[in-house]
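Predicted model, so just to flag it, every value in this text is computed and none were measured. Every chain is numbered from 1, with letters handed out A, B, ... down the list of sequences. No hydrogens, no waters, no symmetry mates; every other heavy atom, side chains included, goes into these values.
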2 protein chains.
Amino acid sequence: MAEITIKYLAQKLNLAPSTVSRALNDSHEISDATKMKVLALAEELNFQPNPYARSLREQKSKTIGVIIPERINNFFSQVIDGMESVTRAYGYHLLVYNSNEDTEQEKNILSLLIGGRVDAIVMSISRFDQKSDHIDKLKKRNTPVVFFDRISTNFPTTKFITNDYEVGYQGTVHLIEKGCKKILFLMLSNENSNGIERLRGFKDALKKKNITFEANWVIECSHSDEKNIALLESIFYKLDRPDGVLASVEKLALATYRALSRTHIKIPEQVRVVSFSNMKIADLLHPPLTTISQPAYEIGEECAKLLIKKLTKKNQPDLEDKIVTIPSVFTERESSK
Amino acid sequence: MAEITIKYLAQKLNLAPSTVSRALNDSHEISDATKMKVLALAEELNFQPNPYARSLREQKSKTIGVIIPERINNFFSQVIDGMESVTRAYGYHLLVYNSNEDTEQEKNILSLLIGGRVDAIVMSISRFDQKSDHIDKLKKRNTPVVFFDRISTNFPTTKFITNDYEVGYQGTVHLIEKGCKKILFLMLSNENSNGIERLRGFKDALKKKNITFEANWVIECSHSDEKNIALLESIFYKLDRPDGVLASVEKLALATYRALSRTHIKIPEQVRVVSFSNMKIADLLHPPLTTISQPAYEIGEECAKLLIKKLTKKNQPDLEDKIVTIPSVFTERESSK
DNA sequence: TTTTTATGTGCAATCGTTTCCGAAAAATTA
DNA sequence: TAATTTTTCGGAAACGATTGCACATAAAAA
């Protein structure tokens, strides 16, 4: 019931709290004999130092805050698994928040975290807004921040992404070479950093292949699955329907599948589909989905490694302002045959 | 740079720290005039009380620890989303850990949390072992614990599950009525609480329908997808193959799909499949999968609500030792037509 | 005017650690 | 043996917030 404290151990052993503390932290100024005694009792009583007292004193929490825009998403789950694999090894903890693709929530979470609850922050931003003042505020603090996937381009820190441009290009070329002449580019919101890069790859591929891009090929979708499906249905219902789809986000590929199934349009015979996706069961869809999948676990590991290094080593410089690219992998399946 | 503290505010305003603290906490013994002044300055400087100082003093962290056996899993993601939706409203934080279906890791995580880092724990245990002493240890502590889905039956607290027995029964009856005579029950490990209930429903349904159960219909699978697929392939390769499958876990249904696809056995013509699953795209599989899906979000909400109540209200009794059942929903699709 | 009461504020202790500083005891050197 | 250094430990002050208690001051009652 009554928590076991250092003071209690000290009293039991007829030592000063300072001595016990030092013994537990294996300080060189404590004799081996007393160290043994202290460790033995601590072990016996299953002593765990109070993390909050320690945090208060040391001015660090051994906790990293993570903000993602969506939790029910294989990509983000894998990223967090990757992070946890390294943070746990270093005794760090992960506080994970879901901003639900909502800038307002993101702002609230950020202000929660800024109070000193975490030593560092990892985030994938909900919207790539111009007015990201809540993120800019972070600059004034000395809390290290790292971005991944959906990054804030003008915030000076390290960002982890995949080769969005190249792979957007590659996916588009693939569709064209399969015979597509009119390809839709589906994006979630026109303002995400990676979406923009993927779109750039898309456009450049069209140009390279001498297909003239038309503005209405870019479909800006919402976060509502139902709305997206309805929108796509209306598009595919027309006579001069597209014959290819590059979905920049998994959920849009699924919306496409649903829309095409409702309108009885066949994949890949009538429309070929390629999607960015980290789904593990892309091969079990009907038809199996051609994917561009991101190295999610690895991205998580890298984010965590970088922060742990910054937090645990002495005299580390500020996080370098650069973009680290980890390549995605393209897997061809039935949906684009 | 220098953190803003209550002491700093007090100095700026020519007040005592205690007065500032009381003003911020809206104490009745502070005049409205000074309250205004304090609040104004706090607002202006964007003051956030140090959470660790507060935790130390108040002996509570406003943090709940969550342990799940797997993160890349829609069910658990939904549960956590549900929890977060209520904890955030009350200013509580979520520390989430993945035990990776491993009792050893679970034990380590638990001992991390026990040090007072969290005010309460929510968990879905990795294995239903007899020797769950690491969980029993929690009893001695006064940290409230709640279980969900994979519960520890003999630990006296509130547990949230779904009507595993009924729905296992229902799924089996469904398969039988579709004409199945030899049905496999796929479980992840023979020792999970919910698996056992589902199996009981399975057996009772067979009995009810006058089908004699055979022990080798219960397949205990591992956590390796590849092994499971190979195992299932070998089973379906035989002549007297089963004509139905009830998968107690989503990943086993997927393994079944893969195994059947490799052996060129048709679903549902040759084998009908029903699975417990919270996949959102069960309808996009080939063929669409008949599912029993758990009310994951709601389970998360209920866990959190219960704990928040226990933690925020005065003089709350210990968590009642009972099982709360929230029903699953059965959705028939092509895979069991 | 004096006494009582209500109101507003400050002082100091506390939560459990870590660490600076100093001091005794032991070991080394002169 | 005396002087010096090294080893080992204790005292006390932090870290930043909350809160019991005391003490002013002003308002109300006698």
Colleague: Answer with base, sugar-phosphate or nothing: what part of the nucleic acid does Glu29(A) contact at a heavy-atom distance below 4.0 Å?
Modeller: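 It contacts base atoms.
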
Colleague: With respect to the side chain of Leu15(B), which nucleotide from dG10(D), dG10(C), dA17(D) is positioned closest?
Modeller: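 Between dG10(D), dG10(C), dA17(D), the one nearest the side chain of Leu15(B) would be dG10(C).
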
Colleague: So does Arg54(B) get a side-chain nitrogen or oxygen closer than 4.0 Å to the phosphate oxygens (OP1/OP2) of dT18(D)?
Modeller: yes

Colleague: Measure the spacing between CG of Leu110(B) and CG of Leu138(B) and express it to the nearest 0.5 Å.
Modeller: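 Leu110(B) atom CG to Leu138(B) atom CG measures 4.5 Å (nearest 0.5 Å).
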
Colleague: Could you check how far CG of Asn25(B) sits from C1' of dG16(D), rounded to whole Å?
Modeller: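 Rounding to the nearest Å, CG of Asn25(B) and C1' of dG16(D) are 13 Å apart.
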
Colleague: Show every donor-acceptor pair shorter than 3.5 Å between a side-chain atom in residues 304-318 of chain B and any protein atom, with sequence neighbours excluded, or say none if there are none.
Modeller:
residue	atom	partner	partner atom	Å
Lys310(B)	NZ	Pro317(B)	O	3.3
Thr312(B)	OG1	Ile308(B)	O	2.6

Colleague: Indicate the atoms forming the closest heavy-atom contact of Asn98(B) with Arg88(A), along with that distance.
Modeller: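 That would be O-NH1, 3.4 Å.
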
Colleague: Quick one: label Ser55(A) by what it contacts on the DNA or RNA (base, sugar-phosphate, nothing), any heavy atom closer than 4.0 Å.
Modeller: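 Contact class for Ser55(A): none.
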
Colleague: Could you state the atom-to-atom distance from CG of Asn50(B) to P of dT17(C) in whole Å?
Modeller: 17 Å

Colleague: With DNA chain C as reference, determine whether Ser31(B) or Leu56(A) sits nearer its 5' end, using the nearest nucleotide of each.
Modeller: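 Upstream on the strand: Ser31(B).
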
Colleague: Could you tell me whether the phosphate oxygens of dT18(C), OP1 or OP2, come under 4.0 Å of any side-chain nitrogen or oxygen in Gln59(A)?
Modeller: no

Colleague: Let me know, please, whether Thr19(A) or Arg57(A) comes out on the 5' side of the other along DNA chain D by nearest nucleotide.
Modeller: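 The residue mapped nearer the 5' terminus is Thr19(A).
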
Colleague: With sugar-phosphate meaning primed atoms plus P, OP1 and OP2, does Tyr8(A) contact a base, only sugar-phosphate, or nothing at under 4.0 Å between heavy atoms?
Modeller: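 Nothing, no nucleic acid heavy atom in range.
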
Colleague: What contact category does Asp32(A) fall into here, base, sugar-phosphate, or nothing, at under 4.0 angstrom with non-hydrogen atoms?
Modeller: nothing

Colleague: Does Thr143(A) reach the main-chain N or O of Asp119(A) with its side chain, forming a donor-acceptor pair under 3.5 Å?
Modeller: no

Colleague: Out of curiosity, Ile72(A) CD1 to Ser77(A) OG, how far, rounded to the nearest 0.5 Å?
Modeller: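 Ile72(A) CD1 to Ser77(A) OG: 9.0 Å, rounded to 0.5 Å.
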
Colleague: Give the nucleotide from the list dT17(C), dC9(D), dT18(D) with an atom nearest to the side chain of Thr5(A).
Modeller: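 Selected nucleotide: dT17(C).
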
Colleague: Using heavy-atom distances to pick each residue's nearest nucleotide on DNA chain D, tell me which of Ser18(B) and Ala53(B) is more 5'.
Modeller: Ala53(B)

Colleague: Using whole Å, report how far OH of Tyr52(A) lies from P of dT18(C).
Modeller: 16 Å

Colleague: Using a cut-off of strictly less than 4.0 Å, decide whether Ser21(A) has a side-chain nitrogen or oxygen near OP1 or OP2 of dT17(C).
Modeller: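 Answer is no, no contact under 4.0 Å.
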
Colleague: Nearest to the Arg22(B) side chain among dA17(D), dG10(C), dT17(C), which nucleotide is it?
Modeller: dG10(C)

